[in-house]
Amino acid sequence: MPELPEVETMVRGIRPHVEGRQILSVQACDCPCRPMLIEPNLKTIQARVQGATVEQVRRRAKRVVMDLSTGDAFVIEPRMTGLMLLDEPPSVEHLRVEWTLSGSGEFDRLWYWDRRGLGTLRLLNAMQQEAVLGLSNLGPDALEMTIQNWVAICGATPTPIKVLLLNQKKVAGIGNLYASEILHLARIHPETPARSLKRPQIKRMAEAVQEILETAIRHEGSTLGDGTYRNALNKSGGYQNSHRVYDREDSLCLDCERGKIVRIVQSQRSTFFCRVCQRRTRSSP
DNA sequence: ATTAATGTTCAGAA
DNA sequence: TTTCTGAACATTAA
């Protein structure tokens, strides 16, 4: 679930309650499911974070980063169903990790909850942080992209633009849901080869990225039908009520009120778009 | 019973 | 060498 707006919402939710606090303990919850990936092993993590202070909570792409006073950082990758929570988890069953925080505050615990358990928790030193979070591994954050960045990544590649938007090495933070939303707002057909996008289209796309992601953040992300996504206080997001095309197959396009939303598959993922609003470009397949 | 789901990675093929 | 596809990871709900 979590794409950039959901991860940003998690970070904003926990930040005021976690920054400046000392870590008293980190524990893996004994949940009956298969264990998630934790690196290095928990014993090593516990020894390394003993008494450390959380200096900063931030987002990098779709990851939550907690910078510690020791120079190490927790990097949490929620993948499909991971959540950072301050209290009242959706279920005790899928609690995975529990941090206990020192000092006074509204909350004395922080949890990582993950139903499917595809997410990961890693404690990284400075060098590992650079390797995992740096520009050699992840492209610029979607909200930091310049027009020049967009022109450069669209460059000479025949890759369909929707697929390019999901490539985290080119641009980091956009996921399957928001890629469809962005291209609908920009009125670009998702199968358009990136290299055939013209300047005005690239500009529209760049603006759509900002508009869609910022609005989604303002609405605290999208909680889809299965209700999995929750903010740090276990409340649903609100952006699902503003979706233009995602999961609206066969519904009428809200913009043109003529076209039906269609669903296609690209790179094994669903893409939704309006045939009327998002016409193919000349050299599209 | 089958299928698909907001993400990433890896093996193997092209 | 590079790029793409399919499968895998684990769980749940339609």
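None of these values were measured; they are calculated from a predicted model.
In this structure, the CG atom of A:Leu165 is 15 Å from the P atom of B:dT6, given to the nearest Å. Rounded to a whole Å, the CG atom of A:Asn176 is 10 Å from the C1' atom of B:dA5. The interatomic distance linking A:Arg59 (CZ) with B:dG7 (P) rounds to 14 Å, in whole Å. The distance between atom OH of A:Tyr178 and atom P of B:dG7, rounded to the nearest whole Å, is 10 Å. A:Ile182 places its CD1 atom 15 Å from the P atom of B:dT6, with the value rounded to the nearest Å. Atom NZ in A:Lys169 sits roughly 9 Å away from atom C1' in B:dT9 (whole-Å rounding). Rounded to whole Å, the distance from CZ on A:Arg115 to C1' on B:dA4 is 12 Å. For the pair A:Arg122 CZ and B:dT9 P, the interatomic distance rounds to 7 Å; values are reported in whole Å.
Here, C:dG6 and B:dT3 have their P atoms 15 Å apart, quoted to the whole Å. Comparing B:dT2 with C:dA7, their P atoms sit 16 Å apart, to the nearest whole Å.
Among the atoms of the strands shown, base atoms are found under 4.0 Å from some heavy atom of A:Asp226. Within 4.0 Å (heavy atoms only), A:Gly117 reaches no atom of the nucleic acid at all. Nucleic acid contact for A:Thr120: none, since no nucleic acid atom lies under 4.0 Å from a heavy atom of the residue.
Just one of A:Arg122, A:Arg60, A:Lys62 meets the salt bridge (Lys or Arg N to Asp or Glu O under 4.0 Å) condition when paired with A:Glu77; it is A:Arg122.
Taking every side-chain heavy atom of A:Arg79 into account, B:dT9 is the closest of B:dT6, B:dT9, B:dA5.
Side-chain atoms of A:Glu130 do not come within 3.5 Å of backbone N or O of A:Met127 as any donor-acceptor pair.
Stem regions for DNA chain B, each three or more consecutive Watson-Crick or G-U pairs with both distances under 3.5 Å and listed by first number, read B:2-5 with C:11-14, B:7-14 with C:2-9.
Of the residues near DNA chain C, A:Leu118 and A:Gln268, the one whose nearest nucleotide (by heavy atom distance) lies more toward the 5' end is A:Gln268. Map A:Thr159 and A:Arg116 each onto its nearest nucleotide of DNA chain C; the residue landing nearer the 5' end is A:Thr159. Each of A:Arg263 and A:Asn137 has a nearest nucleotide on DNA chain B; the 5'-most of these lies closest to A:Arg263.
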Original post:
What's the verdict on side chain to side chain contact (heavy atoms under 4.5 Å, CB included) for A:Asp87 and A:Leu233, showing C-alpha distance, side-chain angles and the deciding distance?
Top reply: CA-CA 6 Å; A:Asp87 73 350; A:Leu233 302 178; 4.2 Å; yes
Original post:
How far apart are the C-alpha atoms of A:Asp114 and A:Arg96, what are their side-chain angles, what is the distance that settles it, and do they pass the salt bridge (Lys or Arg N to Asp or Glu O under 4.0 Å) test?
Top reply: CA-CA 7 Å; A:Asp114 192 338; A:Arg96 308 275 176 167; 5.1 Å; no
**OP:** Test A:Glu220 against A:Arg12 for salt bridge (Lys or Arg N to Asp or Glu O under 4.0 Å), laying out the working first.
**Re:** CA-CA 10 Å; A:Glu220 303 208 300; A:Arg12 291 185 187 187; over 6 Å; no
Original post:
After noting the C-alpha distance and the side-chain angles of A:Arg59 and A:Asp141, does the key distance pass the salt bridge (Lys or Arg N to Asp or Glu O under 4.0 Å) rule?
Top reply: CA-CA 10 Å; A:Arg59 177 185 62 77; A:Asp141 194 271; 2.7 Å; yes
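When the shell of 6.0 Å around CZ of A:Arg15 is examined, it contains more than 12 heavy atoms from other residues, nucleotides or ligands.
Of all nucleotides in DNA chain C, those with any atom nearer than 4.0 Å to a heavy atom of chain A start and finish, going 5' to 3', at C:dC4 to C:dT12.
Here A:Thr228 does not reach the OP1 or OP2 of B:dT6: none of its side-chain N or O atoms lies under 4.0 Å away.
For the pair A:Arg199 and A:Ile147, the minimum side-chain heavy-atom distance is below 4.5 Å.
With no hydrogens or angles considered, a side-chain donor-acceptor pair links A:Glu6 and A:Tyr178 at under 3.5 Å.
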Got a list of side-chain donor-acceptor pairs under 3.5 Å for residues 252-264 of chain A, not counting sequence neighbours?
from, atom 1, to, atom 2, distance (Å)
A:Asp255, OD2, A:Arg244, NH2, 2.8
A:Arg263, NE, A:Ser270, OG, 2.9
A:Arg263, NH2, A:Ser270, OG, 3.1

